[in-house]
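I have placed the structure first, in the form of structure tokens, so that the comments after it can refer back to it.
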Amino acid sequence: MADIEKVEGHVADEDAVTVSGVYKWFGAFNVLIDVNLRVRRGERVVICGPSGSGKSTLIRCINALEDYQRGEIVVNGMELTQNLKRIDEVRREVGMVFQQFNLFPHLTVLENCTLAPIHVRRMPKREAEELARKYLARVRIPEQADKYPGQLSGGQQQRVAIARALCMHPRIMMFDEPTSALDPEMVKEVLDTMVELARDGMTMIVVTHEMGFARQIADRMVFMDAGQIVEINTPEAFFNNPQHERTKLFLKQILN
Amino acid sequence: MTAHSDDLVFVRAEPARALPPPLTRTGVPGWLRANLFSTPLNTLLTVVTIAFIVALAYPTIRFLFVDAVWSGTDGAACLPHGGREVGACWPFVYERLGYFTFGSYPLAQRWRVDLFFVLLAFGAVWLLRLDAPRRDLGAAYFFVVLPIVSYILLCGAPAIGLPAVDTALWGGMLVTIVVATVGIVVSLPLGILLALGRRSRMPAVRFFSVVFIEFVRGVPLITVLFMASVMLPLFVPPEWSPDKLLRALVGMCLFAAAYQAEVVRAGLEAIPQGQYEAARALGMRYWRMQRLVVLPQALRVTIPNILNSFIALFKDTSLVFFVGIFDFLKTVEIARVDPKWAAPTVSATGYAFAAAVYFVFCYSMARYADGLERRLGRADRR
């Protein structure tokens, strides 16, 4: 995936995502409390924490699937506002992979991958199909292109979802617990795909409980609890010498 | 090699062979035994059902075919003779077939209606056959070309030598098909818009949709038709007063749209939130997301219900006779009391014929819905 490296190369000194002082409420419940996070280009950030801690909500705010009430989020130099055009621009920069895959069941694998390039990016159909086949080959399922999502295993579906997001040429990929809905024996194939993506220099923000994977790819670990970021650390320090009491407790529970 | 239940360790030395099924499970006797005579209760039900079918079919077949009168020029042919009632009076249907089909449409101009039927059938086949070539052209033909051509053809255009035919002269199958087709074609898109409106995040749009749907659904179709026919002229200047058929069409479309909206809404509710999120994350805005992701799935799951409401709509067209329009059923109704065909079985014949015609249309729609569902079902497994 040389083209992504090229894109990343000449602006590598800029921040990909900046979240500053973000607050969000669901009704009266404060789900995000003063969240501050900078993700540099080419950086891999893994966010972990107990369920309900606001990790998913945070990354959903970054591509405007959720709104927030206070603070500022800047993606690739563009401030996220309620302006629809700006939201479109931001979403074009950000690819998203969901826990439940969310493939379009009425379309074939290939059509899933070409739908947005053709209708959103206005790419000619032939070109979009070439692109889709290229990414399907990268996630190692080129032979499934003409099947429907329902005919694939969970792991294969999630890899299609990754290919579908990549077809929009995002600069940043976000993963919202991408392996949580998978049978154990399929987790590895998805993680392997993500490791390869990381190796190619993609900027990645990953919400996951897969600590082995996190150790392998993360540049930085972010630990959230009760809507706040409690600790940001390098993987070595995070796993071997966590600073915050809450982090220690969480790691003790999840690693045993 | 045999495994005993008390064996603690068992290793099969070679794979066991699959055997053919026992004779009692195969062939006609097997099938009969398994399906019709498996238990005493099942046997009893089989016998009762067969008796019931015979009891029903026998007099029906006698009336429609065996005792039926097949030729004649007036009611005298169908009078009882030899002290025995005759069956169906088919010459009556045969003679009035033109009236049943065209109503009072002028005889010399009926070729225009025939042409309309042919154009409509052609368009319907092109549009409805999933494997037909260039279905995009088919849709353009059906939704743009056909309405314009049909309007000119049926209403007339003196400028190009087609004498105008007032809609008051239209009748029979022509009216039934025009009302049903327009109702179906207009109500689905209108219903989709109303369903989307009802789920909209904009309160004004939602309010309008809810009020419209609930109001129209809360009144009988006849009321809607009366209102369209009596109240519509109050809202427009008299010189623009829409003609009677158009008024009924408007009422019919609005009524069907409200029902269609609820059918479509049920389909929309079935789409998981994740589909919306995935579409939005890929950069789609509202209408594109609806058109490419949401509606194709929502309509697919509701096809049986949509087709079902089309069938209901087709039969409901018979209610337009309440506002003075001579649809197919009304022409049968008028013809059967014609003194020329005064004979005891004429009414029954007319109704039997009407029922058969409605059945053919509705059953075809049901069969089509079945086939469509099965074809589209392939992609439905998630």
Side-chain angles (χ1 to χ4, degrees), chain A residues 56 59-60 62-66 84-109 111-122 146-152 154 157 160-161 164-170 172-176 181, chain B residues 130-131 134-136 192 195-196 199-203 205 264 266-307 369 371-382:
Chain A
S56 292
I59 67 168
R60 288 159 59 86
I62 294 175
N63 73 348
L65 286 179
E66 303 276 0
L84 282 181
K85 215 171 148 220
R86 175 53 58 82
I87 289 178
D88 284 349
E89 285 169 32
V90 167
R91 284 187 181 146
R92 221 169 287 158
E93 306 284 318
V94 182
M96 179 96 171
V97 174
F98 300 88
Q99 181 179 358
Q100 299 293 345
F101 331 135
N102 294 348
L103 293 178
F104 304 134
H106 62 301
L107 300 175
T108 64
V109 165
E111 288 164 340
N112 262 280
C113 294
T114 58
L115 188 74
I118 291 174
H119 291 97
V120 178
R121 284 236 190 261
R122 300 276 162 217
D146 297 317
K147 291 198 181 160
Y148 285 92
Q151 295 166 288
L152 305 186
Q157 290 194 46
V160 171
R164 176 176 74 176
L166 289 174
C167 281
M168 289 296 278
H169 285 314
I172 303 159
M173 283 286 282
M174 299 202 296
F175 297 84
D176 187 1
Chain B
L130 296 184
D131 50 0
R134 293 307 306 266
R135 294 180 68 233
D136 50 340
I192 289 173
L196 292 177
R199 289 169 54 88
S200 168
R201 279 190 299 182
M202 287 177 274
V205 174
V264 173
L268 290 175
E269 307 276 357
I271 307 299
Q273 200 54 35
Q275 294 290 308
Y276 292 87
E277 288 176 359
R280 281 157 63 203
L282 286 168
M284 293 184 207
R285 289 217 195 142
Y286 184 80
W287 287 110
R288 189 170 285 150
M289 169 175 80
Q290 296 294 352
R291 184 167 60 84
L292 298 173
V293 175
V294 177
L295 285 176
Q297 296 183 57
L299 294 182
R300 184 162 299 181
V301 298
T302 43
I303 278 174
N305 297 334
I306 290 175
L307 267 292
L372 197 61
E373 209 181 331
R374 211 167 307 128
R375 260 194 84 151
L376 297 177
R378 278 183 315 188
D380 254 6
R381 288 159 295 172
R382 285 177 201 235

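The figures here come from the full heavy-atom set of this structure, side chains too, leaving out hydrogens, waters and symmetry mates. The sequence lines fix the lettering, A, B, ..., with proteins before strands; numbering per chain opens at 1. Note that the coordinates shown come from a computational prediction; the quantities given were computed from them, not determined experimentally.
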Checking B:Ile271 against B:Val293 for the side chain to side chain contact (heavy atoms under 4.5 Å, CB included) test, could you report, in this order, the C-alpha distance in whole Å, the side-chain angles of both residues, the deciding distance, and whether it holds? CA-CA 10 Å; B:Ile271 307 299; B:Val293 175; 5.9 Å; no
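Contact annotation for A:Val97: neither backbone nor side-chain heavy atoms come within less than 4.5 Å of a heavy atom of chain B. At a 4.5 Å heavy-atom cutoff, A:Arg121 makes no contact with chain B through either its backbone or its side chain. Using a 4.5 Å cut-off between heavy atoms, A:Ala161 does not touch chain B at all. For chain B, the nearby parts of A:Phe104 are the backbone and the side chain; heavy atoms of each come within less than 4.5 Å. Both the backbone and the side chain of A:Leu84 come within contact range of chain B, with heavy atoms under 4.5 Å apart. With a 4.5 Å cut-off on non-hydrogen atoms, B:Arg280 touches chain A through its backbone and its side chain both.
Residues A:Asn63 and A:Glu93 are not in side-chain contact: their nearest non-hydrogen atoms beyond the backbone lie 4.5 Å or more apart.
Under 4.0 Å is where a charged nitrogen must lie from a carboxylate oxygen, and between A:Asp88 and A:Arg86 no such pair does.
Considering only heavy-atom pairs separated by less than 4.5 Å from chain B, the leading option among A:Arg60, A:Met168, A:Gln100, A:Met96 is A:Arg60.
Proximity of a side-chain donor or acceptor of A:Arg91 to a complementary backbone N or O of A:Ala64 within less than 3.5 Å is detected.
The two atoms that bring A:Thr108 and A:Glu111 nearest to each other are N-OE1, 2.9 Å, heavy atoms only.
When the shell of 6.0 Å around CZ of B:Arg201 is examined, it contains 12 or fewer heavy atoms from other residues, nucleotides or ligands.
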